[in-house]
Amino acid sequence: MNTKIVIPTSEGGFTAHYSEHGLARLDFPTARPEAQSEKEIPAQVRRWHRLTTDALNDALAGRAPRVLPPLDLSAGTEFQRHVWSALRRIASGRTRSYAEVAAEIGKPRATRAVGGACGANPIPVLVPCHRVLAANHAIGGFGGGLDWKRKLLAREGIEVR
DNA sequence: ATTTACAATATGA
DNA sequence: TCATATTGTAAAT
């Protein structure tokens, strides 16, 4: 049972997908606005959605969200969930290298695999995959588009060469 | 069932 | 500077 709701922000309309366990996915604004499935939005989802909206707007303003909705990461593999929880520990305005993230989850040689997990991250911004840079502080890549990564980093006051 | 490509990086030539 | 081994996934073959 899924619910899909668009979140208007200063950067465009993000699309939030909720499962029965919480926020399952967050998509960057698409050029063409998707049809919004209204139907009946469960009261619980609406509560989560308010938290998501607040958290997203805080994040886009360069502030650390004070509260996050429950995240449903059951879609990922065990390795990916480890990476994602490591990402959520990165403080706003701070960065890590792919190698550091790999070391943190106990697999220091899986740096490239970490890149793969970041690319599979279903909840960008709130799971701060954009705070992961290459070891030399180069920007690396970004699945949602490098422009987004630069913008998000700039909002947090992080300089990239 | 194998091979390839990825948002990497350390190492050795 | 360039080639390569390493690691987890997904996609292509």
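Chain naming here is simple, since letters A, B, ... match the order of the sequence lines and numbering starts at 1 in each.
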Visitor: What's the CD-P distance between A/Gln80 and B/dC6, to the nearest Å?
Guide: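 So the two atoms are 18 Å apart, to the nearest Å.
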
Visitor: In the structure shown, which nucleotide is the Watson-Crick or G-U wobble counterpart of B/dA8, with both distances under 3.5 Å?
Guide: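 Across all strands, the one nucleotide that pairs with B/dA8 is C/dT6.
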
Visitor: Please report, rounded to the nearest Å, how far the P atom of B/dA8 is from the CG atom of A/Leu133.
Guide: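 Rounded to whole Å, this separation is 12 Å.
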
Visitor: Ignoring the backbone of A/Lys149, work out which of B/dT9, B/dA7, C/dT9 is nearest its side chain.
Guide: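 Selected nucleotide: B/dA7.
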
Visitor: Could you state the CG-C1' distance from A/Asp147 to B/dA7, rounded to the nearest angstrom?
Guide: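 Taking atom C1' of B/dA7 as the reference, CG of A/Asp147 is at 15 Å.
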
Visitor: Of the nucleotides B/dT9, C/dT7, C/dA10, which one has an atom closest to the side chain of A/Arg109?
Guide: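 Selected nucleotide: C/dT7.
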
Visitor: Side chain of A/Arg112: nearest nucleotide among B/dT9, C/dT9, C/dT7?
Guide: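 Nearest listed nucleotide: C/dT7.
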
Visitor: When rounded to the nearest Å, what value does the distance between C1' atoms of B/dA7 and C/dT1 take?
Guide: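 Looking at atom C1' only, B/dA7 and C/dT1 are 23 Å apart.
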
Visitor: Roughly how many Å is it from CG in A/Leu73 to P in C/dT9, rounded to a whole number?
Guide: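 The distance from CG of A/Leu73 to P of C/dT9 comes to 15 Å, rounded to the nearest Å.
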
Visitor: With respect to the side chain of A/Ala135, which nucleotide from C/dT7, B/dA10, C/dT9 is positioned closest?
Guide: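 The answer is B/dA10, which lies nearest to the side chain.
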
Visitor: Mind telling me whether A/Phe14 and A/Phe28 have parallel, tilted or perpendicular rings, with 30° and 60° as the class edges?
Guide: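 Rings of A/Phe28 and A/Phe14: tilted, as their planes differ by 30° to 60°.
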
Visitor: Sort out the partner of B/dA1 for me: Watson-Crick or G-U wobble, both distances under 3.5 Å, none otherwise.
Guide: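 Checking every strand shown, B/dA1 finds its partner in C/dT13, with both distances under 3.5 Å.
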
Visitor: Rounded to whole Å, how long is the line connecting atom NE2 of A/His82 with atom P of C/dT9?
Guide: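 Nearest whole value for this atom pair: 11 Å.
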
Visitor: Using the rule given for side chain to side chain contact (heavy atoms under 4.5 Å, CB included), can you reason through A/Thr52 versus A/Leu68, listing the C-alpha separation, both sets of side-chain angles and the distance that settles it, and then say yes or no?
Guide: CA-CA 6 Å; A/Thr52 305; A/Leu68 291 180; over 6 Å; no

Visitor: Base, sugar-phosphate, or nothing for A/Ala113, non-hydrogen atoms under 4.0 angstrom?
Guide: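 A/Ala113: base contact, heavy atoms under 4.0 Å.
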
Visitor: B/dT3 and C/dA5: how far apart are their P atoms, nearest whole angstrom?
Guide: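 Looking at atom P only, B/dT3 and C/dA5 are 15 Å apart.
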
Visitor: To the nearest Å, how far apart are A/Tyr98 OH and B/dA7 P?
Guide: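 The answer, rounded to whole Å, is 9 Å.
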
Visitor: Could you tell me the separation between the OG1 atom of A/Thr3 and the CD atom of A/Glu40, rounded to the nearest 0.5 Å?
Guide: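 Reported value, rounded in 0.5 Å steps: 10.5 Å.
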
Visitor: Between C/dT9 and B/dA10, how many Å separate the two C1' atoms, rounded to a whole number?
Guide: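 Result for the C1' pair: 22 Å, nearest Å.
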
Visitor: Using a cut-off of 4.0 Å on non-hydrogen atoms, how would the nucleic acid contact of A/Phe142 be classed: base, sugar-phosphate, or nothing?
Guide: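 Counting heavy atoms under 4.0 Å across all strands, the contact made by A/Phe142 includes a base.
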
Visitor: About how many Å separate CG of A/Leu133 and OG1 of A/Thr95, when rounded to the nearest 0.5 Å?
Guide: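 Atom-to-atom, A/Thr95:OG1 and A/Leu133:CG are 5.0 Å apart.
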
Visitor: For the ring pair A/His130 and A/Phe142, is the centre-to-centre distance below 6.0 Å?
Guide: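 Ring centroids of A/His130 and A/Phe142 are no less than 6.0 Å from each other.
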
Visitor: Rounded to whole Å, how long is the line connecting atom NZ of A/Lys107 with atom P of C/dT9?
Guide: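 The answer, rounded to whole Å, is 8 Å.
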
